[in-house]
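Shown next, in structure tokens, is the structure this report addresses.
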Amino acid sequence: MASQSETGGLVLASKSASRRAMLDAAGVAYRSIPADLDERALEAQLGPAARPQTVALELARAKALSVCLQAPEELVLGSDSLVECGGRRFDKPACRSDAVEHLRFFSGKVMHLHSAAVIARGGEVLRSQVSVASLQVAQLSDRFIEDYLDHEWPAVSGCVGVFRIEGRGVQLFRAIEGDHFTVLGMPLLAVLQFLRELGALSP
Ligand SMILES: Nc1nc2c(ncn2[C@H]2C[C@H](O)[C@@H](COP(=O)(O)OP(=O)(O)OP(=O)(O)O)O2)c(=O)[nH]1
């Protein structure tokens, strides 16, 4: 007999602390099964010309569908975020020197952070959404970048855009347009609406 958690629950196909924190704070019950897939290989298959929102959606979809195989009766939520800035796509920094390079490139530019969410069950995509926030980056001196990373590295090694907006990351920006949760890494308001529509959350 399958347990409740294996029949009607929600599975978060993610290792992201930020995504878990959002669902926890919202009071959404779930269990986590990180998706074990090579995101960069998948991104490479989409090609360099792929639009950032397309890449984020496809990666979120791949994460959800891969975990569906381990939770065939449950709703599975996959999510992905990436940054587009100055015509380049950025994922999480691989090392501190990458983080320095990313921040130097972002300096004085507008960063577009795309966050996607896909809900699937039994291998079928039921809902999907991708949202974008625009963040105007201040002029960042090399001295500021080094001091910032002295405080924020390696915590931001898991953050696309090399920042935690809830921490010192807010110092990077002059202005932000868009949904707060999109900046944190998942379009939470859309996810909650989807869960209500799918009967997983009471309206
Ligand atoms: N704490 C925090 N994390 C952020 C913020 N903005 C973006 N992030 C995180 C959320 C995600 O964990 C990460 C984006 O990377 P990915 O979309 O590849 O997800 P990640 O590999 O972390 O986990 P997943 O693929 O879902 O298992 O950046 C922020 O302002 N604060």
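Both ligands and their constituent atoms are indexed starting at 1 by order of listing. Note: hydrogens, waters and symmetry copies are ignored here, and every other heavy atom, side chains too, is used.
The pair E152-R164 counts as a salt bridge, with a side-chain nitrogen and a carboxylate oxygen less than 4.0 angstrom apart. Between R96 and E146 a salt bridge is recorded (basic side-chain N to carboxylate O distance below 4.0 Å). Salt bridge E101/R88: present, at least one basic N to carboxylate O contact under 4.0 Å.
With S81 as reference, S115 is the one residue of S18, S115, S16 to meet the side-chain hydrogen bond (donor to acceptor under 3.5 Å, both in side chains) rule. The side-chain contact (heavy atoms from CB on, under 4.5 Å) test with L126 is passed by exactly one of V118, L75, V76: L75.
Considering backbone and side-chain atoms alike, A17 places every N or O at 3.5 Å or more from each N or O of ligand 1.
Taking a 4.0 Å cut-off on heavy atoms, S81 registers as neighbouring ligand 1. The closest approach between a heavy atom of G161 and any atom of ligand 1 is not below 4.0 Å. Contact analysis leaves A35 out of contact with ligand 1, as no non-hydrogen atom separation drops below 4.0 angstrom.
Interface of K15 with ligand 1, defined as ligand atoms under 4.0 Å from a residue heavy atom, comprises 20 (P), 21 (O), 23 (O), 24 (P), 25 (O), 27 (O). In summary, the atoms of ligand 1 found under 4.0 Å from a heavy atom of F163, numbered by their order in the structure, are 5 (C), 29 (C), 30 (O). Close approach to D80 involves these atoms of ligand 1, each under 4.0 Å from a residue heavy atom: 16 (P), 17 (O), 18 (O). Taking every non-hydrogen atom of R164 and a distance limit under 4.0 Å, the qualifying atoms of ligand 1 come out as 1 (N), 29 (C), 30 (O), 31 (N).
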Query raised in the report: Please walk me through it: do S134 and Q136 pass side chain to side chain donor-acceptor pair (under 3.5 Å)?
Result: CA-CA 7 Å; S134 299; Q136 190 174 334; over 6 Å; no
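Only side-chain heavy atoms of S18 come within less than 4.0 Å of ligand 1; its backbone N, CA, C and O stay farther off. When heavy-atom distances to ligand 1 are checked against a 4.0 Å cut-off, M186 has no atom that comes that close, whether in backbone or side chain.
Looking from atom 19 (O) of ligand 1 to the surrounding protein, the closest heavy atom is R19 NH1, 2.9 Å. At the shortest separation from atom 4 (C) of ligand 1 among protein heavy atoms lies L184 O, 3.5 Å. From the protein, the heavy atom lying nearest to atom 24 (P) of ligand 1 is S14 OG, 3.5 Å. Among all non-hydrogen protein atoms, the one lying nearest atom 18 (O) of ligand 1 is K92 NZ, 2.9 Å. For atom 13 (C) of ligand 1, the closest non-hydrogen atom of the protein is G158 O, 3.2 Å.
Stacking of R168 on the aromatic ring of F163 is not recorded, the 6.0 Å distance cut-off and the 45° axial limit not both being met.
The side chain to side chain contact (heavy atoms under 4.5 Å, CB included) test applied to A50 returns L46, V55, R89, not counting sequence neighbours.
More than 12 heavy atoms of other shown residues, nucleotides or ligands fall within 6.0 angstrom of atom CG in D147.
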